[in-house]
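Reading through the structure tokens given below for one structure.
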Amino acid sequence: VENNNKQYIYTANGLLAGPFDTLYLKCFSNDGSLLAYETIKDDKTSKSIPGIISTLWVNNKKIEEGWLISYVDFTNENEIIYSISYNNKPGIIIKYGKKEFGPFIQVRDVALSNDKKILAYAYSYDYAPNEQYYLCVGNEKAGPYEDMYHISFSPNNNTLAYIIKENNNYFLICNQKKYGPYESIFDIVFADDGKKFVYTTDKDYKDYVLHVDDFSSKSYDFITNVY
């Protein structure tokens, strides 16, 4: 809630935390006992743009301060997962329970399998325009690619899909099979059993095509609500 330009978190048991200048709720743990949220305040001494300090909290416990905090989630053991960058040192760190990965110059995407046992992320050690992206899934690594994002696990966690860019074209990689090239790819959706997957593509922001595994539909003016 907000009161007198300050923000607070309330639960059924009353006030949990506050007051804060700016507050973003992130996620609950699986058992609902923990709430992760981010607070932001101005930092006039920071050389970063914007000049802010972001703080990650779990319930009323401060986890860490930094500049930007993203990709917040919990493991099945209620350990926190997030990426963080700092005002006073370069790079982005991914924190997964007690493990740390990085620092990376860019983190393009972070995904956790539905059973929360496998961490996947796309990263680069370089700035644009020379960046090359890699994919890390558990202990396995793929790349480099011109771009790499939209990491998606099937509901049964047996299949992984993601989008890559090579030679200025985009491809879908699913179950280690490559589909494309396309100008752009959207909306990767798996069947509940993970055996089929759907995605959409377009050309020049028109000529939208629906793809189901190896089948491709005719082109449409627009496609929406794929699930």
Side-chain angles (χ1 to χ4, degrees), residues 24-28 30 36 38 68-75 81-83 92 94 96 104 106-124 128-129 131-138 140-227:
Y24 296 101
L25 301 181
K26 293 298 186 178
C27 61
F28 281 99
N30 280 356
E38 178 187 7
L68 294 178
I69 297 170
S70 304
Y71 305 111
V72 180
D73 205 343
F74 287 97
T75 69
I81 302 169
Y82 59 98
S83 70
I92 302 170
I94 298 173
Y96 178 40
F104 309 112
Q106 299 187 64
V107 173
R108 191 71 166 89
D109 197 7
V110 177
L112 196 60
S113 60
N114 296 288
D115 61 5
K116 298 184 180 291
K117 294 181 178 179
I118 304 173
L119 178 70
Y121 54 93
Y123 64 93
S124 176
E131 73 268 44
Q132 290 186 312
Y133 288 91
Y134 297 86
L135 171 68
C136 184
V137 183
E140 298 183 8
K141 179 178 174 180
Y145 308 111
E146 294 170 22
D147 200 357
M148 199 264 114
Y149 60 98
H150 208 322
I151 304 170
S152 303
F153 286 91
S154 63
N156 62 4
N157 307 300
N158 291 335
T159 305
L160 180 72
Y162 52 95
I163 297 170
I164 65 169
K165 183 180 181 182
E166 290 181 330
N167 299 318
N168 291 318
N169 290 303
Y170 290 90
F171 299 84
L172 174 71
I173 308 296
C174 185
N175 212 17
Q176 299 184 342
K177 186 175 179 180
K178 190 175 183 180
Y179 300 85
Y182 306 111
E183 286 192 7
S184 57
I185 305 173
F186 310 92
D187 302 321
I188 303 173
V189 179
F190 283 98
D192 289 342
D193 61 6
K195 293 181 179 180
K196 289 186 176 295
F197 61 95
V198 177
Y199 62 101
T200 58
T201 61
D202 77 359
K203 185 177 181 180
D204 296 326
Y205 301 102
K206 58 184 180 179
D207 297 331
Y208 288 81
V209 176
L210 178 70
H211 306 266
V212 182
D213 293 347
D214 293 314
F215 166 80
S216 298
S217 74
K218 68 177 185 179
S219 63
Y220 298 94
D221 294 335
F222 193 70
I223 298 174
T224 188
N225 294 334
V226 177
Y227 57 89

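Only a predicted model underlies this, so the values are computations on that prediction, with no experimental measurement involved. Numbers for residues simply follow the sequence, beginning at 1.
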What is the distance from atom [atom1] of [X] to atom [atom2] of [Y], rounded to the nearest 0.5 Å?
| X | Y | atom1 | atom2 | answer |
| --- | --- | --- | --- | --- |
| Tyr145 | Tyr134 | OH | OH | 10.5 Å |
| Glu183 | Lys206 | CD | NZ | 10.0 Å |
| Asn114 | Asn157 | CG | CG | 5.0 Å |
| Leu119 | Ile94 | CG | CD1 | 6.5 Å |
| Leu25 | Glu38 | CG | CD | 11.0 Å |
| Lys26 | Ser70 | NZ | OG | 6.0 Å |

State which residues pass side-chain contact (heavy atoms from CB on, under 4.5 Å) with [X]; sequence neighbours excluded, sorted by chain then number.
| X | value |
| --- | --- |
| Asn175 | Thr159 |
| Lys177 | Tyr179, Asp214 |
| Ile188 | His150, Ser152, Ala161, Ile163, Leu172, Phe190, Tyr199 |

TODO: Tell me, with the steps shown, if Asp187 and Ile223 meet side-chain contact (heavy atoms from CB on, under 4.5 Å).
DONE: CA-CA 10 Å; Asp187 302 321; Ile223 298 174; 5.9 Å; no

Task: Those residues that, when tested against Phe215, pass ring pair (Phe, Tyr, Trp, His ring centres under 6.0 Å) (two or more places apart) - done: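 Phe215: no ring pair (Phe, Tyr, Trp, His ring centres under 6.0 Å) contacts found.
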
Task: Audit row: Lys203, Val209, side-chain contact (heavy atoms from CB on, under 4.5 Å) steps and yes/no - done: CA-CA 9 Å; Lys203 185 177 181 180; Val209 176; over 6 Å; no

Determine the minimum heavy-atom distance between [X] and [Y], stating which atoms define it.
| X | Y | result |
| --- | --- | --- |
| Ala111 | Phe153 | O-CE1, 4.0 Å |
| Cys27 | Val72 | SG-O, 3.6 Å |
| Ile151 | Asp109 | N-OD2, 2.8 Å |
| Ser217 | Tyr220 | OG-CE1, 3.5 Å |
| Ile92 | Ser83 | CG2-CB, 4.1 Å |
| Tyr149 | Ile185 | OH-O, 4.5 Å |

Residue pair [X] / [Y], side-chain heavy-atom distance below 4.5 Å:
| X | Y | result |
| --- | --- | --- |
| Tyr121 | Tyr71 | no |
| Gln106 | Tyr133 | yes |
| Tyr208 | Thr201 | no |
| Thr75 | Tyr96 | yes |

TODO: Return the set of residues passing salt bridge (charged side-chain N to carboxylate O under 4.0 Å, His left out) with Lys195 (not counting sequence neighbours), or none when no residue passes.
DONE: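 In terms of salt bridge (charged side-chain N to carboxylate O under 4.0 Å, His left out), with neighbours along the sequence ignored, Lys195 is linked to no residue.
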
Task: Stepwise side-chain contact (heavy atoms from CB on, under 4.5 Å) check, Glu146 with Asn167 - done: CA-CA 8 Å; Glu146 294 170 22; Asn167 299 318; 4.2 Å; yes

TODO: Would you mind listing every ring pair (Phe, Tyr, Trp, His ring centres under 6.0 Å) that reaches into residues 156-177, with sequence neighbours excluded?
DONE: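 Output for this query is empty, none listed.
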
- [ ] Go through the steps to decide whether Phe186 and Val226 satisfy the test side-chain contact (heavy atoms from CB on, under 4.5 Å), and finish with yes or no.
- [x] CA-CA 10 Å; Phe186 310 92; Val226 177; over 6 Å; no

